[in-house]
Amino acid sequence: MYNVMSPKAEEFISHEEIIETLAYAKKNKKNLELIEEILKKARLKKGLSHREAAVLLECEINEKNEEIFQLAKEIKEDFYGNRIVMFAPLYLSNYCVNGCVYCPYHLQNTHIARKKLSQDEIRNEVIALQDLGHKRLALEAGEHPTENPIEYILESIETIYSIKHKNGAIRRVNVNIAATSVEDYRKLRDIGIGTYILFQETYNKESYQALHPSGPKSDYAYHTEAMDRAMEGGIDDVGLGVLFGLNLYRYDFVGLLMHAEHLESYKGVGPHTISVPRLRKADDIDPDDFDNGIDDKTFEKIVACLRITVPYTGMIVSTRESQKCRERLLKLGVSQLSGGSKTSVGGYAEPELEEENSQQFDVSDTRTLDEVIDWLISMGHIPSFCTACYREGRTGDRFMSLLKSGQIANCCQPNALMTLKEYLVDYASEETKEKGEQLILKEIEKVPSEKVKAIVKENLVKISQGKRD
Ligand code: SAM
């Protein structure tokens, strides 16, 4: 990691540069020669600059747009194969002191039940999640200095990692909590979190301030510089995202890429993941009250352009999106999916009463994890519960090197198959199990190294005999 003083938020997310980039992209939206040149560079699969990406996003030449989608698919297959990493969100607390106008957890909202899980309740939630087959969680919490202080988050993570139940254990806890200090990030690193995820919501300072009128989150610079502090605190893997629907998508697309470029140049490693959430209906929130909603076609183009621009960054899509939409996005570059998600506090162990409504937003894909796994397998994807990289210390630049070395087929693919096998034996319905076993038989033959193939075959037998990682 480099030790150079990072520039301030307004320098690395320069409003002037975004405006100039958007004007450049608009001017060149039909410039065949330039678009072909950018696509030629993109085919090298080493990424693009935010300016080049903005031109592709704006491109209005149908034939070139087809090439963009095709290349996104190719890059997805080359870098991630057909593996899809599975996770579930776990909501710890919806107490919040912020005034975010798009989030039902905002302080003024008196309609929703405020809930915070005790350590016993966390235990019940985790057992319920393990019974579904999950191994990887994303912790979610509102921002509240006394209800959800860092000590509460740390204790909760310790509780989660300590639970060994039947064949299950949560092996990676990613954390999505409000921007905090280097000292707190260091505590999160020390306790062994996976990725630290923080959505920027929007990179446009003026819109940001209107959308976050009160509370600690209203400080644009503090929020935007959070990833620098997280990395200073020793967290290698950080996850970026914007909430599409809040602000003009073109602006946030460029801002997101400038943020990624900033992390790469000042911290030596780009973001581990990018999430692409879209605004959803929630308790007192109606997405139609916001003017910047994007349709599915535009959304797909954004995902395809991101895939081409940052090939080494995983892409996450949650159950905010429908089955149909997720199906398209999977082909265009998404590598991680949530499944069987509950966005209420305590929703896994016990279904919530209607009048309580502690949900953060309505989910669109309401299928169970088994249904999602069955669907992925039917489309030829390998649902993966693998967390080996994290456990073996392959995070940050070490993870990126693995990706760049092309050893994924000999490493991630076999691990994915073995964790899928564990899922099939321990948790799957009969139908999913049958389809999954067929998929494993087919996929194992694609492992390039004969030696690795033999080890995997041996391990698969051991898994069916009850051995667990
Ligand atoms: N309190 C932390 C923070 O402020 O960053 C954690 C955030 S919250 C639990 C997770 C994310 O949900 C937010 O960053 C936001 O992007 C998203 N979110 C909030 N309201 C939403 C809505 N109505 N529809 C979809 N996503 C929403």
Side-chain angles (χ1 to χ4, degrees), residues 87-107 109 111-112 114-117 137-145 147-150 152-153 156 174-180 184-185 188 195-203 207-208 211-220 222-227 229-230 238-247 252 256 273-290 292-294 299 316-322 338 341-345 347 357-365:
F87 75 98
L90 172 56
Y91 281 78
L92 292 181
S93 164
N94 62 359
Y95 283 93
C96 194
V97 292
N98 287 313
C100 316
V101 303
Y102 51 86
C103 177
Y105 291 176
H106 66 88
L107 185 63
N109 190 355
H111 310 122
I112 56 167
R114 296 289 171 172
K115 292 187 187 172
K116 170 186 166 181
L117 298 179
L137 300 182
L139 281 199
E140 308 282 340
E143 178 166 16
H144 198 295
E147 291 289 347
N148 324 324
I150 192 71
Y152 169 69
I153 305 290
S156 306
N174 296 335
V175 173
N176 181 5
I177 59 162
T180 185
D184 285 356
Y185 285 126
L188 288 168
T195 309
Y196 172 65
I197 297 167
L198 182 69
F199 299 158
Q200 177 64 29
E201 322 301 4
T202 175
Y203 285 93
S207 307
Y208 185 94
L211 292 160
H212 306 94
S214 58
K217 193 166 172 176
S218 62
D219 186 337
Y220 175 83
Y222 191 74
H223 190 79
T224 312
E225 290 160 13
M227 294 314 192
R229 292 193 301 280
V238 298
L240 304 182
V242 293
L243 185 51
F244 287 105
L246 294 180
N247 179 54
D252 281 330
L256 188 61
T273 54
I274 287 183
S275 299
V276 288
R278 277 197 292 187
L279 188 63
R280 292 283 301 160
K281 195 176 161 356
D283 179 63
D284 63 346
I285 311 294
D286 184 350
D288 291 340
D289 294 341
F290 296 76
N292 296 307
I294 49 172
F299 194 38
I316 304 179
V317 72
S318 73
T319 55
R320 288 176 182 86
E321 299 302 331
S322 66
S338 46
S341 304
K342 300 276 184 262
T343 61
S344 49
V345 181
N357 193 17
S358 70
Q359 279 198 147
Q360 196 188 22
F361 50 81
D362 292 353
V363 299
S364 183
D365 187 341

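Whatever order the structure lists ligands and atoms in, that order sets their numbers, starting from 1. Nothing fancy with the numbering, it's 1 onward along the sequence.
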Specify the protein heavy atom at minimum distance from [atom]: its residue, its atom name, and the distance to 0.1 Å.
| atom | result |
| --- | --- |
| atom 19 (C) of ligand 1 | Q360 NE2, 3.3 Å |
| atom 24 (N) of ligand 1 | R280 N, 2.9 Å |
| atom 11 (C) of ligand 1 | F199 CD1, 3.9 Å |
| atom 7 (C) of ligand 1 | N176 OD1, 4.0 Å |
| atom 9 (C) of ligand 1 | E140 OE1, 3.3 Å |

*Just jot down the side-chain hydrogen bond (donor to acceptor under 3.5 Å, both in side chains) partners of E140, sequence neighbours excluded, or say none.*
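With sequence neighbours excluded, E140 shows a side-chain hydrogen bond (donor to acceptor under 3.5 Å, both in side chains) to N176, given in chain and number order.
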Using modelled atom types only, decide if a donor and an acceptor are shared between the side chain of [X] and the backbone of [Y] within a distance under 3.5 Å.
| X | Y | value |
| --- | --- | --- |
| N174 | A138 | no |
| Y185 | T180 | yes |
| R114 | N94 | yes |
| S318 | R320 | yes |
| N247 | S207 | no |
| N148 | Y95 | yes |

Any heavy atom of [X] closer to ligand 1 than 4.0 angstrom?
| X | value |
| --- | --- |
| A178 | yes |
| A141 | yes |
| K281 | no |

*Output all residues satisfying ring pair (Phe, Tyr, Trp, His ring centres under 6.0 Å) with Y91, sequence neighbours left out; order by chain, then residue number.*
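Per chain and number, Y91 pairs via ring pair (Phe, Tyr, Trp, His ring centres under 6.0 Å) with no residue.
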Under a 4.0 angstrom heavy-atom cut-off, which atoms of ligand 1 come close to [X]?
| X | value |
| --- | --- |
| Y102 | 19 (C), 20 (N), 21 (C), 22 (C), 23 (N) |
| K217 | 3 (C), 4 (O), 5 (O) |
| L198 | 5 (O) |
| R278 | 25 (C) |
| E201 | 13 (C), 14 (O), 15 (C), 16 (O) |

*Tell me which one of H144, R320, Q200 gets a heavy atom nearest to atom 25 (C) of ligand 1.*
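Selected option, by shortest heavy-atom distance: R320.
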*Just heavy atoms, cut-off under 4.0 Å: does C103 contact ligand 1 by side chain, backbone, both, or neither?*
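It is both backbone and side chain that touch ligand 1.
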*Determine whether the side chain, the backbone, both or neither of L243 has a heavy atom under 4.0 Å from any heavy atom of ligand 1.*
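L243 to ligand 1: side-chain contact only, backbone stays beyond 4.0 Å.
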*Quick check, are the ring centers of H223 and Y203 under 6.0 angstrom apart?*
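When the ring centroids of H223 and Y203 are compared, they turn out to be at least 6.0 Å apart.
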*asked:* Can you confirm whether or not the ring centre of F290 sits under 6.0 Å from the ring centre of Y102?
replied: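 No: the rings miss the under 6.0 Å criterion.
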